Amino acid sequence: MYWIGSFEKARDLYVISTRDSVTGLNPESTVYYRGIAVGKVLTVDFDPSDPLTILVEIEVDNNIRFTRGIFATLRLKGVTGLTQIDLQDSGDSDEWLLPGDRPEQRIPLRPSLTDRLLSSGEEILMKAEQLMIRLDRVLSDENEEHGREILRNLNVVTAKMPKLEDQLGKVLERMPNLIDSTETTLGQIGDLTIDLKAAANSVKVLGDRGDALIASGANVGDVLTGTTLPKVHQTMNELQSTMNQLKRVANMLEANPQALILGPVKTEPAPGEPGYEEPQ
């Protein structure tokens, strides 16, 4: 009995704190640390200062030391329904955890994987129900017909693929000739560019000459307008006056040829002319 009770082993007291359920956890339940049995549960009771908190006192071999990264989970033992304590270290802290029952030294109890699955079971069921509803919408008769139409179109496209590959092969075969033609065209474009450049230079020279010609024409126009045309106008007026006089002489000689020797016949002044006298 002395050997079974391990009375010779010295142990330290630690307290686990939780607000979750600890179903199946009883005094004398084994405490494991990283899979090794290191102690047992002493008591399971409510916190006198906070009825929502459950305190689990455990005793652990005093040769086991914990850091502040230690946490506890509940582990189900087989099919008996009994629960054991499983201690794990997160490795987040290098500070040692001191034994004793002090609030700042209590070990937190985290939900196990099974507890998390059970707590999220309702949410999982709701999501599964929504997923089934959406699948039912996707697999409706209308969408099924659309899917069949898409498959038919894919079948048609697949049937046309060999022809398309043949046409593509012909195009690829013509590519070298097309490249040669392109190079030739580019060469001709280069020659045309040179010719256009020369023509542009010629047009520029012609434009310069045209400007000079326009300037000369402007000067000639000024001379014609200012000098020549007035003189021509005066000459034409004098010529017209002379022609009128010659016409009068010709008319006079035709009517009275002796006027060339005797001079013009004197005529009586007409009314309104100088020397006219009213008859008495």
Side-chain angles (χ1 to χ4, degrees), residues 1-139 143:
M1 290 177 60
Y2 179 82
W3 177 78
I4 292 175
S6 301
F7 293 109
E8 78 281 359
K9 293 184 179 179
R11 295 186 172 180
D12 294 329
L13 177 68
Y14 293 93
V15 177
I16 298 173
S17 175
T18 180
R19 285 178 171 266
D20 296 330
S21 175
V22 291
T23 303
L25 185 64
N26 298 310
E28 302 299 327
S29 295
T30 307
V31 176
Y32 290 88
Y33 176 54
R34 300 173 63 183
I36 300 175
V38 294
K40 64 179 180 179
V41 176
L42 295 179
T43 61
V44 180
D45 205 348
F46 292 100
D47 187 357
S49 61
D50 184 7
L52 297 179
T53 302
I54 298 176
L55 299 180
V56 180
E57 293 183 350
I58 62 174
E59 59 177 7
V60 179
D61 297 340
N62 64 350
N63 61 340
I64 305 297
R65 300 188 65 187
F66 304 125
T67 67
R68 284 188 174 274
I70 196 73
F71 65 92
T73 58
L74 297 180
R75 184 171 66 175
L76 188 64
K77 183 180 179 180
V79 294
T80 61
L82 299 178
T83 306
Q84 300 171 338
I85 297 293
D86 188 11
L87 299 177
Q88 297 290 336
D89 196 327
S90 63
D92 297 335
S93 176
D94 295 332
E95 184 179 356
W96 295 110
L97 181 67
L98 299 178
D101 185 10
R102 291 184 298 276
E104 67 274 8
Q105 297 290 332
R106 290 174 180 174
I107 300 173
L109 180 66
R110 297 181 181 178
S112 63
L113 178 60
T114 304
D115 294 336
R116 291 196 298 269
L117 290 176
L118 291 176
S119 62
S120 60
E122 184 177 357
E123 183 180 357
I124 293 174
L125 290 176
M126 291 178 62
K127 291 183 178 179
E129 183 179 1
Q130 293 177 0
L131 179 60
M132 294 302 296
I133 293 173
R134 293 180 180 178
L135 286 175
D136 184 64
R137 293 175 181 175
V138 171
L139 298 178
N143 290 339

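None of the values given here were measured: they were computed from a predicted structure. The chain is numbered in sequence order, starting from 1.
Note that OG of S49 is 7.5 Å distant from CG of L55, once rounded to the nearest 0.5 Å. One finds the OG1 atom of T53 at 5.5 Å from the CG atom of D47 (value rounded to the nearest 0.5 Å). Once rounded to the nearest 0.5 Å, the distance linking CD1 of I58 with OH of Y33 reads 11.5 Å. Note: M126 CE to L131 CG = 13.5 Å, rounded to the nearest 0.5 Å. Residue L52 holds its CG atom at 11.5 Å from OG1 of T18, rounded to the nearest 0.5 Å. Note that CZ of R75 is 13.0 Å distant from CG of L82, once rounded to the nearest 0.5 Å.
Using a 4.5 Å heavy-atom threshold, the side chains of V38 and Y32 count as separate. At a threshold of 4.5 Å between non-hydrogen side-chain atoms, the residues F46 and P51 do not count as touching. Here the side chains of R11 and N62 are not in contact, with every heavy-atom distance at 4.5 Å or above. Taking the side chain as every heavy atom from C-beta outward, L97 and I107 approach each other to under 4.5 Å. In this structure the side chain of F66 reaches within 4.5 angstrom of the side chain of V60, judged on heavy atoms.
Every residue two or more places apart in sequence or in another chain that forms a side chain to side chain contact (heavy atoms under 4.5 Å, CB included) with R34 is listed here: Q88.
Listed for the E57 side chain is no donor-acceptor partner under 3.5 Å among the backbone atoms of L42. Between the T83 side chain and the T23 main chain, a donor and an acceptor come within less than 3.5 Å of each other. Checked by atom type and distance alone, the side chain of S90 pairs as donor or acceptor with a backbone atom of G69 at under 3.5 Å.
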Take D101 and R106 through the side-chain contact (heavy atoms from CB on, under 4.5 Å) test and state the conclusion after the steps.
CA-CA 7 Å; D101 185 10; R106 290 174 180 174; 3.5 Å; yes
T67 and D89: CA distance, side-chain angles, deciding distance, side-chain hydrogen bond (donor to acceptor under 3.5 Å, both in side chains) verdict:
CA-CA 7 Å; T67 67; D89 196 327; 2.7 Å; yes
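If you run side chain to side chain contact (heavy atoms under 4.5 Å, CB included) between V41 and each of N26, T30, I16, L25, only L25 comes through.
Closest approach of P111 to D20, counting heavy atoms only: CG-OD2, 3.8 Å. Counting all heavy atoms, side chain and backbone alike, R110 lies closest to T73 at O-CG2, 3.5 Å. Between L74 and S21 the shortest heavy-atom distance is CD1-O, 3.8 Å. Closest of all the heavy-atom pairs between V22 and V44 is CG2-CG1, 4.1 Å.
Atom CD of E129 has 12 or fewer neighbouring heavy atoms from other residues, nucleotides or ligands inside a 6.0 Å radius. Atom CG of D94 has 12 or fewer neighbouring heavy atoms from other residues, nucleotides or ligands inside a 6.0 Å radius.
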